[in-house]
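Treat the numbers as computed from the prediction; the structure is a model and nothing was measured. Remember, it's 1-based here, ligands and their atoms both numbered in the order they're listed.
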Amino acid sequence: MKIAILGAMPEEIEPLLANLDAKKIDYANNEFYLAKFGAHELIIAYSKIGKVNSTLTATLMIEKFGAEKLIFTGVAGALKEGLKIGEILYATRLVQHDLDITAFGHPHGFVPGSPIFVDTDANLNEIAQRAARELGLNLKSGIIASGDQFVCDEARKAWIGAEFDASAVEMEGASVAQVCHALNVPFCVLRAISDEAGNKAEFDFDEFVVKSAKISANLALKMVELL
Ligand code: SAH
């Protein structure tokens, strides 16, 4: 099977590439890495940060490189008390917190023709849980909200958490979800916590991004082993 593993930043896919003998292809101002892993063919890339970049890369992974399933791996800010730096969750569903045509009476996150929330694939989520058990990881789950904004503000954090009942915030998952939903490709989103999205979150992010990204990447690779 052809499986895409997508991150947003180099730190999020470097732990994967370190374990693989991958061939690099340059395309559309992006680097795609092709590698064999057991019976599977992997397509690995980092999209660059944000919803537009991740939309482009996810689409190319599916339409140009033929990915049949997609695993997103990366880091996120925690919105809920119980979720700490270094912990990891999978998204049950994803929403764009910054999509706003509420002036027309629509709810936050809604535009006509697209669902507000996109559900992740139940089968992949179950494999993620099995993989986590094998690694001795306590894998949590929850709604993930995405937007083109690094959230490092208590009020914004509280609003996103309350409006969408979201557990974590990041900048790519919901756009990747829309792509996979539209193209009928099963996908899941793994995010290890790098910060708590409140005031000065950027300092925690800088300190923990590499360590947390690695936790998520290891889980993604373990999932591929079980697929
Ligand atoms: N340090 C980087 C910018 C990181 S932006 C640079 O200078 O280039 C944060 C990245 O991590 C995004 O890809 C996003 O998906 C994720 N992320 C982690 N914590 C986040 C938060 N609090 N708010 C939004 N995105 C967050």
Side-chain angles (χ1 to χ4, degrees), residues 4-16 29-31 44-58 61 70-100 108-109 118 120 140 142-180 187-217 219-220:
I5 308 183
L6 173 59
M9 301 176 288
E11 295 92 324
E12 292 170 329
I13 64 159
E14 270 157 12
L16 301 168
N29 194 26
N30 227 166
E31 293 162 5
I44 299 170
Y46 73 92
S47 61
K48 303 188 288 295
I49 294 163
K51 291 192 295 176
V52 172
N53 284 325
S54 57
T55 299
L56 173 62
T57 306
M61 286 173 126
L70 186 149
I71 301 171
F72 191 101
T73 175
V75 299
L79 297 175
K80 292 204 167 160
E81 275 294 308
L83 204 49
K84 298 290 172 208
I85 291 172
E87 291 197 304
I88 180 162
L89 81 163
Y90 70 84
T92 51
R93 53 204 329 223
L94 296 107
V95 60
Q96 298 179 65
H97 67 73
D98 59 349
L99 192 54
D100 183 350
H108 283 282
V118 180
T120 49
K140 301 192 167 178
I143 294 171
I144 292 183
S146 314
D148 285 323
Q149 173 181 62
F150 180 79
V151 177
C152 50
D153 175 83
E154 297 296 341
R156 184 72 189 158
K157 169 183 174 172
W159 181 83
I160 296 169
E163 180 71 21
F164 304 107
D165 190 26
S167 295
V169 64
E170 36 85 315
M171 302 177 68
E172 300 84 15
S175 40
V176 172
Q178 292 284 350
V179 168
C180 292
F187 75 101
C188 68
V189 177
L190 308 174
R191 291 279 186 176
I193 301 301
S194 54
D195 61 273
E196 294 180 358
N199 297 339
K200 306 229 164 33
E202 64 273 31
F203 294 104
D204 281 340
F205 176 92
D206 280 345
E207 186 174 348
F208 297 108
V209 58
V210 168
K211 203 171 164 202
S212 293
K214 200 167 179 183
I215 294 170
S216 182
L219 183 60

Check your understanding: Should Val151 be counted as touching ligand 1, given the test is an N or O pair under 3.5 Å?
Key -> yes
Check your understanding: Would you say Ser167's side chain and Lys80's backbone share a donor-acceptor pair under 3.5 angstrom?
Key -> no
**Study point:** Closest approach of any protein heavy atom to atom 19 (N) of ligand 1, naming residue and atom
**Key:** Asp195 OD1, 2.6 Å
Check your understanding: Is the shortest heavy-atom distance from the side chain of Phe203 to the side chain of Phe208 under 4.5 Å?
Key -> no
Study note, to complete from the structure: the protein heavy atom lying closest to atom 11 (O) of ligand 1 turns out to be Phe205 CE1, 3.3 Å
Review point. Would you say the side chain of Val75 lies within less than 4.5 Å of the side chain of Glu170, judging by non-hydrogen atoms?
Key: no
Check your understanding: Who's the nearest protein heavy-atom neighbour of atom 20 (C) of ligand 1, and how far?
Key -> Phe150 CE1, 3.4 Å
Check your understanding: Below 3.5 angstrom, do we get any N/O pair linking Glu170 and ligand 1?
Key -> no
Study note, to complete from the structure: Note: heavy atom closest to atom 13 (O) of ligand 1, options Met171, Gln149, Glu172, belongs to Glu172
Check your understanding: Below 4.5 Å, heavy atoms only, C-beta onward: do Glu172 and Leu6 meet side chain to side chain?
Key -> no
Review point. Any chance NZ of Lys84 has more than 12 other-residue heavy atoms, nucleotides or ligands included, within less than 6.0 Å?
Key: yes
Check your understanding: Considering all protein heavy atoms, does one lie under 4.0 Å from atom 7 (O) of ligand 1?
Key -> no
Review point. Any idea which part of Lys48 is under 4.0 Å from ligand 1, heavy-atom wise: side chain, backbone, both or neither?
Key: neither
Check your understanding: With a 4.0 Å cut-off on heavy atoms, does Ala201 reach ligand 1?
Key -> no
Review point. Heavy atoms, side chains only, cut-off 4.5 Å: are Thr73 and Leu219 in contact?
Key: no
Check your understanding: Just wondering, do Phe72 and Arg191 contact through their side chains at under 4.5 Å, heavy atoms?
Key -> yes
Check your understanding: Nearest heavy atom to atom 2 (C) of ligand 1: which of Ile49, Ile193, Val75 does it belong to?
Key -> Ile49
Point to revise | Protein non-hydrogen atom found under 4.0 Å from atom 24 (C) of ligand 1 | key: yes
Check your understanding: For Gly77, is at least one N or O under 3.5 Å away from an N or O on ligand 1?
Key -> yes
Check your understanding: Does a sphere of radius 6.0 Å around NZ in Lys214 hold more than 12 heavy atoms from other residues, nucleotides or ligands, not counting ones at 6.0 Å or beyond?
Key -> no
Review point. Below 4.5 Å, heavy atoms only, C-beta onward: do Asn30 and Asn53 meet side chain to side chain?
Key: no
Practice item. May I ask whether Glu196 places a heavy atom under 4.0 Å from ligand 1? Key: no
Exercise for review: Could you tell me whether the side chain of Asp98 reaches within less than 4.5 Å of the side chain of Lys51, counting heavy atoms only?
Suggested key: yes
Review point. Going by the order shown, which atoms of ligand 1 are within less than 4.0 Å of some heavy atom of Ala8?
Key: 13 (O)
Exercise for review: State, without any angle test, whether Ser194 and Ser212 hold a side-chain donor-acceptor pair at a distance under 3.5 Å.
Suggested key: no
Point to revise | Atoms of ligand 1 close to Met9 [distance to a heavy atom under 4.0 angstrom, numbered from 1] | key: 10 (C), 11 (O)
Practice item. Can you sort out which atoms of ligand 1 are near Ser194, meaning under 4.0 Å from one of its heavy atoms? Key: 18 (C), 19 (N)
Review point. Which of the numbered atoms in ligand 1 are below 4.0 angstrom from a heavy atom of Ala197?
Key: 22 (N)
Check your understanding: Quick one: does Ala76 get within less than 4.0 Å of ligand 1, heavy atoms only?
Key -> yes
